[in-house]
Amino acid sequence: MSIQKEDIDHLLNLDKIKADEKNAHIVIDPDQCAACQAKPCLIVCPALLYTLDETGALNFDYAGCLECGTCRTICPHLKKWEYPRHTFGIYYRQG
Ligand code: SF4
């Protein structure tokens, strides 16, 4: 059984994310991504934020990041990975 984007959205529905639109806390390197054959980010991100467009190019949207750090661990080519600035990022809630 594979997890679909709709399932992830439902599971995260209780959490709140305040995206820092002026400062991306994760930045990919498009040239490195294009050269990467494995693209493990497509599999490991629990929020499914790494996707491929119709041309096969990697898309990434940091705004839904759960701050788990998995992509930082798996990818040596990220230009930047840091926690969001104070007051930004995810606020985990319990149901
Ligand atoms: S830190 Fe975790 S949730 Fe955020 S983009 Fe990386 S793998 Fe996805």
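In each ligand, atom 1 is the first atom listed, and ligand 1 is the first ligand listed. If you read the sequence from its start, that first residue is 1, and numbering goes on from there.
- For the pair Q32 (side chain) and L78 (backbone), a donor-acceptor distance under 3.5 Å is absent.
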Quiz: residues 40-50 side-chain donor-acceptor pairs under 3.5 angstrom, not counting sequence neighbours:
none

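- A heavy-atom distance below 4.5 Å is not found between the side chains of F60 and T51.
- Applying the 6.0 Å contact sphere to NZ of K39 captures more than 12 heavy atoms from other residues, nucleotides or ligands.
- The G69 neighbourhood of ligand 1 comprises atoms 1 (S), 2 (Fe), with distances under 4.0 Å to a heavy atom of that residue.
- Short contacts between ligand 1 and W81, defined as distances under 4.0 Å to a heavy atom of the residue, involve ligand atoms 1 (S).
- Near F60, meaning under 4.0 Å from one of its heavy atoms, ligand 1 places the atoms 5 (S).
- Side chains of H25 and Y83 form no contact here, defined as non-hydrogen atoms less than 4.5 Å apart.
- K79 has its side chain out of reach of I28: every pair of non-hydrogen atoms, C-beta onward, lies at least 4.5 Å apart.
- Annotation: side chain of L52 is in contact with side chain of L58 (closest heavy-atom distance under 4.5 Å).
- Around atom 8 (Fe) of ligand 1, the protein atoms of type N, O or S found under 2.8 Å away are C45 SG, listed by chain and number.
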